[in-house]
Protein chains: 2
Amino acid sequence: MLNPWRLGLLSRLDTLGTIRAVAQDANMSASSVSQQLAVLEAETRTRLLERTGRRVRLTPAGLLLARRARAILDHMDTVEAELRGLTEDPVGLVRLGAFQSAIHTLAVPVVTRLAGAYPHLEVQLLELEPHESIPALRGGDADVIITATDFVELPLGPDLEIVPLATDPIVLVASPDRPVPRGPAVLSAYAGEPWALDVPQSYMANLTLRLCRESGFEPRVACRFSNYLMTLQHVEAGLSIALLPDLAVDRRYRVVTRELAMPVNRTIAAVVRRGSPLRAAVNLVLTALRQQPDAPALVDRPAQEAD
Amino acid sequence: MLNPWRLGLLSRLDTLGTIRAVAQDANMSASSVSQQLAVLEAETRTRLLERTGRRVRLTPAGLLLARRARAILDHMDTVEAELRGLTEDPVGLVRLGAFQSAIHTLAVPVVTRLAGAYPHLEVQLLELEPHESIPALRGGDADVIITATDFVELPLGPDLEIVPLATDPIVLVASPDRPVPRGPAVLSAYAGEPWALDVPQSYMANLTLRLCRESGFEPRVACRFSNYLMTLQHVEAGLSIALLPDLAVDRRYRVVTRELAMPVNRTIAAVVRRGSPLRAAVNLVLTALRQQPDAPALVDRPAQEAD
DNA sequence: CTTGTTTGTTCGGTTCTGCCGAACAACGAT
DNA sequence: ATCGTTGTTCGGCAGAACCGAACAAACAAG
């Protein structure tokens, strides 16, 4: 683990030229500076200094590290400043875009919770499907969006920051009156059932068709709805079964859900614009989204350490 | 000064959820983790943790810092990796672009010095004026360029990295046979002299005209050369005086130089492409450029520290 | 309601890192 | 040749970081 204080000493050595000057500038003794730089050399296992005459010069590696050190310290300063700017209480308007099934399971609870706790914060809710939410975010028409993809790593580019929220498994949903065995569902067992599908070419319709065909049958289409709630009603009435994202299954409907024997997971993530320091209000919404109790936690990175 | 080890603990807390898990993951006791996070809160003077029930949750500020911590640690890892990649000895071709007057004062000495010390390193020298060197660098036709501007902060964008090398003062140059008083030169004293100018619309010609006019006279144009060496010969012969960048004045010519009473300085800087890790050979050339003994050192940044 | 387990925090003692001053070695200027 | 300057090494000390134990609080189970 590279120590930034030592990096700062190296950077100062680059600009001031002599160890004594660095020591004076940092209110330390020259011996300490010498020792710390030696430690830095040991940690990085690289010769950074070169004794030439009675002074010291930076090796190519040392000079590179000195420049990079400045960038790192700037980075840390920026973060610190951003953190301080977050102290002020969150006020203003935050426009939160979410796709349909995320609205009532994620967005609405968050908005109601925040509305009670932060009276000066206004959260505007926009229904934006994944394909339209990214441009809206980039164009400044939304401040935070909730989107879903099949991959954990979204190829969105460096101008956007992704905050994973949860994984959303695709589940089989059926009426409790129907004979549905417990445990993970094997699709081929439902080959003869009437299926509720999304509208043609939509994400879920394509996915359902693909999974059914991979299981060896062509689903019998009982209906096509553009709205998950109508699908749920149809299923609840015992008229069909369907594949839906778990998030879309409102628990108020009398339906049973089963995970798939061949699991299919989407990643639900919040996205914000990067670059300018994050507004306190926006970060608050982000935090509230992550701390939804019913959303399964998502481990995103083990944060490896070096010595 | 924000401690990255502590930041790492915070990041792990974000992903693992509980302090004990962090302690186990980091081979520490839970008490230490708790203490270190408390220290982090004190250093940043911000509440990062929130006790909720018998576990702990991150506040909005804490969650923001955890995410930023990951970015910082990634940054440091990247630098470390780059540094390790620099250990291998520098081989290959480095194309160094420089403008005319920088070639024989900066570039050539560096190339000759490196040629002796690093037999596997090949440095190709290209004459590139400032206005054409930047596109050449961006287009991959050069690996390092030496350029000059009137401002220390070059508005080049985030894809290029600037390494200040020296400041280059504009000086008055005249034949030693001419009566030139010692000390800084006041231009109005040379109103009647014959002037050697660069070609019309060139940088130095425009600058000379502007400075003369600001001093209250129109210079009498004795000649116009596109090449500083020809100008120097003309001046040496006693036929004219001229304003030239100090770097352009080859000491082999029998001329005298005077600083200006109203100093005009250009900044000489090296520029490299940012983004991909720096090649060892390129960094070596960069280092050699910075360590030219006759180039006046340039203090670029005091590297401020916070506690 | 009580008990047991889990979680985070506080306290006292130990270990280790970081710092200083002095002494030392090398270089360069007078 | 002498002196001042620069960087490094060594012994000693202060403070930071760590651990284990004890404590407080919350949730689950009996």
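All chains are named by letter (A, B, ...) in the order of the sequence lines, taking the proteins before the strands, and each is independently numbered beginning at 1.
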The salt bridge (Lys or Arg N to Asp or Glu O under 4.0 Å) partners of B:R274 (sequence neighbours excluded) come to none

ask   = Would you say A:R55 has more than 12 foreign heavy atoms packed within less than 6.0 Å of its CZ?
value = no

In whole angstroms, the gap separating C1' of C:dT9 from CD of B:E50 amounts to 17 Å

When rounded to whole Å, the CG to C1' distance for the pair B:L40 and C:dT9 reads 17 Å

Which part of the nucleic acid, if any, lies within contact of B:N27, taking any heavy atom under 4.0 Å across all strands shown: a base, the sugar-phosphate backbone alone, or nothing? sugar-phosphate

The side-chain hydrogen bond (donor to acceptor under 3.5 Å, both in side chains) partners of B:R57 (sequence neighbours excluded) come to A:Q291

Here the distance between atom P of C:dG18 and atom CH2 of B:W5, to the nearest Å, is 14 Å

Fill in: Phosphate OP1/OP2 of C:dC20: any A:S32 side-chain N/O under 4.0 Å
yes

I'd like to know if the side chain of A:S34 reaches the main chain of A:A30, judged simply by a donor and an acceptor atom lying under 3.5 Å from each other, with no hydrogens or angles considered.
no

B:R67 meets the side-chain hydrogen bond (donor to acceptor under 3.5 Å, both in side chains) criterion, sequence neighbours left out, with A:E161, A:N283

Do any side-chain nitrogens or oxygens of A:S34 fall under 4.0 Å of OP1 or OP2 in D:dT9? no

Between protein and nucleic acid, restricted to nucleotides 11-16 of chain C and to nitrogen or oxygen atoms under 3.5 Å apart, what atom pairs and distances do you find?
unit_1 : atom_1 : unit_2 : atom_2 : d
C:dC11 : N4     : B:Q35  : NE2    : 3.1

**Prompt:** Just to confirm, is there a sub-4.0 Å distance from OP1 or OP2 of D:dC18 to any side-chain nitrogen or oxygen of B:S29?
**Reply:** no

Picking from D:dT6, C:dT7, D:dC19, the nucleotide nearest the side-chain atoms of B:R55 would be C:dT7

Contacts of A:R20 meeting salt bridge (Lys or Arg N to Asp or Glu O under 4.0 Å) (sequence neighbours excluded), chain-then-number -> none

Expected rows: protein N/O vs nucleotides 26-30 of chain D N/O, under 3.5 Å:
unit_1 : atom_1 : unit_2 : atom_2 : d
D:dA26 : N3     : B:R54  : NH1    : 3.3

>> Test your reading of the model: is there a side-chain donor-acceptor pair from B:D168 to the backbone of B:D246, 3.5 Å cut-off?
In response: yes

Residues passing the salt bridge (Lys or Arg N to Asp or Glu O under 4.0 Å) test with A:R182, sequence neighbours excluded, are none

With sequence neighbours left out, the residues meeting side-chain hydrogen bond (donor to acceptor under 3.5 Å, both in side chains) with B:T44 are B:T46

Separation of D:dC19 atom P from B:R20 atom CZ, nearest Å, is 13 Å

B:Q24 CD to C:dT7 P, in whole Å, measures 10 Å

A:I19 atom CD1 is separated from D:dT9 atom C1', nearest whole Å, by 13 Å

Closest to the side chain of A:M28, out of C:dC20, C:dG18, C:dT9, is C:dC20

Between CZ of B:R6 and C1' of D:dA17 the distance, given in whole Å, is 9 Å

Across all chains, not counting sequence neighbours, the salt bridge (Lys or Arg N to Asp or Glu O under 4.0 Å) partners of B:R6 are B:E43

Numerically ordered, the residues 56-67 of chain A set in heavy-atom contact under 4.0 Å with DNA chain D is A:V56

Those residues at least two apart in sequence (or on a different chain) that pass side-chain hydrogen bond (donor to acceptor under 3.5 Å, both in side chains) with A:S29 are A:S31, A:S32

Residues at least two apart in sequence or cross-chain that pass side-chain contact (heavy atoms from CB on, under 4.5 Å) with A:A21, listed by chain then number, are A:L16, A:T18

In whole angstroms, the gap separating C1' of D:dG7 from CG of A:L9 amounts to 15 Å

